[in-house]
Colleague: 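The structure is given below, and queries will be raised subsequently.
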Number of protein chains: 2
Amino acid sequence: MLSKKTKYAFHALTYLGKQEARKPVLISEISEKTKVPKKFLEAILLDLRKAGMLTSKMGKGGGYYLRMDPEEIKLAEVIRMFNGPIALLPCVSLNYYEPCDECVDEETCGLHAIMLEVRDETLKIVANKTLKDILSAEG
Amino acid sequence: MLSKKTKYAFHALTYLGKQEARKPVLISEISEKTKVPKKFLEAILLDLRKAGMLTSKMGKGGGYYLRMDPEEIKLAEVIRMFNGPIALLPCVSLNYYEPCDECVDEETCGLHAIMLEVRDETLKIVANKTLKDILSAEG
DNA sequence: TATTTATTCTACCGATTTAGTAGATTATTG
DNA sequence: CAATAATCTACTAAATCGGTAGAATAAATA
């Protein structure tokens, strides 16, 4: 399951994606409309900005807005950022690889082989879906 | 990511699946061979038995052995048992459904729609893979 | 330049989950 | 009855999750 933080990130991105122009939206507006706790949302938006998906402006007239195009923002990237690896086991993770303590040899580990397959199939799904798909699905 | 408990469950099932006859294997043997902490393994085996995947015998000559055929033991079932829902959000879970607090209407929620798709695709993978696939992949 | 606006940074907090361990109990075999 | 081996109850330490408080910094404007 995705953490609330991850879900909140998607809600925030979706809200910003629905804005016609790319002009700053206040954290408090996003918080009210998406019902994400404001202080919690701050940290999320900051992370999204650091990842290059959003831009921010401080001071009056400031706020957050999309920096990337919706079709560039992949579900997989957002999930990795807030939820961690897509893979089900560290030993088959592309971005967070770690060997298993108990495993003598990955080559002959049946679980490893199957989890590799699962990872590849899962990536096909979440790496090809983007914020644009969420926006299109929205009423 | 899967919890260690879930991974351990797969290791234990795999070890029992490699046994030719269906005769009892000691917890301590499974623990030593799979390197899963014995006391932790006890709880896992108990859950697998309660789910009908294993049978146990107490006393001398006792132990655990497979009750179901390897092709009947689906990855999805093991994951649900030890790791929880397959779906990424409670609002798209078949077995653990819960509505979102912030969601006014699931019908028009784009995230909901996309996560439904992701769940369906994911299920196609993990509900069709079984212990037999793990065993076949093993040396 | 002072004030207001609004993001950013640092630091905390309670509750839950994870990954275990210890030890008594119950069932089976011989 | 003695030995064996699963079962049950009850802890525990550490990490993660979800969230809050408040000070610091940056930008606009009067």
Side-chain angles (χ1 to χ4, degrees), chain A residues 1-12 16 23-32 34-51 53-67 79 81-85 88-90 96 98 100-102, chain B residues 1-12 16 23-32 34-51 53-67 79 81-85 88-90 96 98 100-102:
Chain A
M1 298 275 279
L2 299 179
S3 64
K4 288 203 172 184
K5 200 168 183 176
T6 312
K7 186 174 69 164
Y8 289 164
F10 280 120
H11 280 313
L16 292 175
K23 62 179 227 259
V25 180
L26 292 184
I27 296 180
S28 43
E29 179 183 334
I30 306 172
S31 167
E32 279 163 31
T34 61
K35 284 166 188 157
V36 175
K38 193 187 163 206
K39 274 297 189 178
F40 200 23
L41 181 60
E42 282 183 15
I44 294 167
L45 294 170
L46 213 48
D47 285 346
L48 289 169
R49 198 211 60 181
K50 285 174 187 162
M53 294 179 186
L54 302 181
T55 305
S56 67
K57 270 193 76 180
M58 281 177 126
K60 189 160 193 180
Y64 280 96
Y65 54 99
L66 279 194
R67 177 180 154 81
I79 292 175
M81 195 182 329
F82 295 103
N83 219 64
L88 292 180
L89 292 178
Y96 304 81
E98 250 180 283
C100 293
D101 301 340
E102 75 276 12
Chain B
M1 298 276 276
L2 299 179
S3 64
K4 288 204 172 185
K5 199 169 184 176
T6 312
K7 186 174 71 162
Y8 290 165
F10 280 120
H11 280 313
L16 291 176
K23 61 178 226 256
V25 180
L26 292 183
I27 296 179
S28 42
E29 178 183 335
I30 306 172
S31 167
E32 279 163 32
T34 61
K35 284 165 189 160
V36 175
K38 194 186 162 206
K39 274 299 190 177
F40 199 23
L41 181 61
E42 283 184 14
I44 294 167
L45 293 170
L46 214 48
D47 285 346
L48 289 169
R49 197 211 62 180
K50 284 174 187 160
M53 294 179 187
L54 302 181
T55 306
S56 67
K57 270 193 74 179
M58 281 177 127
K60 191 162 191 176
Y64 279 96
Y65 55 98
L66 279 193
R67 178 182 153 81
I79 292 175
M81 195 182 330
F82 294 103
N83 218 67
L88 292 180
L89 292 178
Y96 304 79
E98 251 180 283
C100 293
D101 301 342
E102 74 276 10

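Chain identifiers are assigned alphabetically (A, B, ...) following the order of the sequence lines, protein sequences preceding nucleic acid strands; residue numbering begins at 1 within each chain.
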Colleague: What integer distance in Å separates B/Lys35:NZ from C/dG20:C1'?
Modeller: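 For the pair B/Lys35 NZ and C/dG20 C1', the rounded distance is 19 Å.
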Colleague: Using atom CZ of A/Arg49 as one end and atom C1' of C/dA6 as the other, report the distance to the nearest whole Å.
Modeller: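 So the two atoms are 13 Å apart, to the nearest Å.
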Colleague: CD of B/Glu42 to OG of B/Ser31: how many Å apart, nearest 0.5 Å?
Modeller: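 Going from the CD atom of B/Glu42 to the OG atom of B/Ser31 covers 9.0 Å.
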Colleague: Between the main-chain N or O of B/Ser3 and the side-chain N or O of B/Asn83, is there a donor-acceptor pair closer than 3.5 Å?
Modeller: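 Confirmed, B/Asn83 side chain pairs with B/Ser3 backbone.
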Colleague: I need the CG-C1' distance between B/Asp47 and D/dA6, as an integer number of Å.
Modeller: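 Whole-Å distance recorded here is 14 Å.
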Colleague: For a quick check, with a 4.0 angstrom heavy-atom cut-off, what is the B/S/- contact string for nucleotides 9-21 of chain D, read 5' to 3'?
Modeller: ---------SBBB
Colleague: Can you tell me how far CE of A/Met81 sits from CD1 of A/Ile44, rounded to the nearest 0.5 angstrom?
Modeller: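 Taking CD1 in A/Ile44 and CE in A/Met81, the distance rounds to 11.0 Å.
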Colleague: Please tabulate, one pair per line, each protein N/O and nucleotide N/O from nucleotides 27-30 of chain C that are separated by under 3.5 Å, including the distance.
Modeller:
residue	atom	partner	partner atom	Å
C/dT29	OP1	B/Lys57	NZ	3.4

Colleague: Measure NZ/B/Lys23 against C1'/D/dA5 and give the value in whole Å, please.
Modeller: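 Distance, rounded to whole Å: 16 Å.
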Colleague: Find the distance B/Ile44:CD1 to C/dT21:C1' and express it as a whole number of Å.
Modeller: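 It works out to 14 Å between those atoms.
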Colleague: Got a second to check how far A/Glu29's CD is from A/Leu16's CG, nearest 0.5 Å?
Modeller: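 Answer for the CD-CG pair, A/Glu29 versus A/Leu16, is 9.0 Å.
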Colleague: Could you check how far CG of A/Leu54 sits from P of C/dT7, rounded to whole Å?
Modeller: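 From A/Leu54 CG to C/dT7 P: 12 Å.
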Colleague: Round to a whole Å and report the spacing from NZ of A/Lys50 to P of C/dT7.
Modeller: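 That distance rounds to 15 Å.
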Colleague: Check A/Ala9 against A/Phe82 and note the closest heavy-atom contact, atom names and distance.
Modeller: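 In terms of heavy atoms, the two residues are closest at CB-CE1, 3.5 Å.
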Colleague: Please state how far atom CD1 in A/Ile27 lies from atom C1' in C/dT5, giving the value in whole angstrom units.
Modeller: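 To the nearest whole Å, that distance equals 12 Å.
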Colleague: Rounded to the nearest 0.5 Å, what separates atom NZ in B/Lys5 from atom CZ in B/Phe40?
Modeller: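 Going from the NZ atom of B/Lys5 to the CZ atom of B/Phe40 covers 5.5 Å.
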Colleague: For the side chain of A/Thr34 and the backbone of A/Ile30, is there at least one donor-acceptor N/O pair under 3.5 Å apart?
Modeller: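 Yes.
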Colleague: Tell me every residue that passes side chain to side chain contact (heavy atoms under 4.5 Å, CB included) with A/Lys35, counting only those two or more places apart in sequence or in another chain.
Modeller: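 With sequence neighbours excluded, A/Lys35 shows a side chain to side chain contact (heavy atoms under 4.5 Å, CB included) to B/Glu102, B/Val104, given in chain and number order.
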Colleague: Using a 4.0 Å heavy-atom cut-off, does B/Leu26 contact any base of the nucleic acid, only the sugar-phosphate backbone, or nothing at all?
Modeller: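 Since only primed, P, OP1 and OP2 atoms lie under 4.0 Å of B/Leu26, the category is sugar-phosphate.
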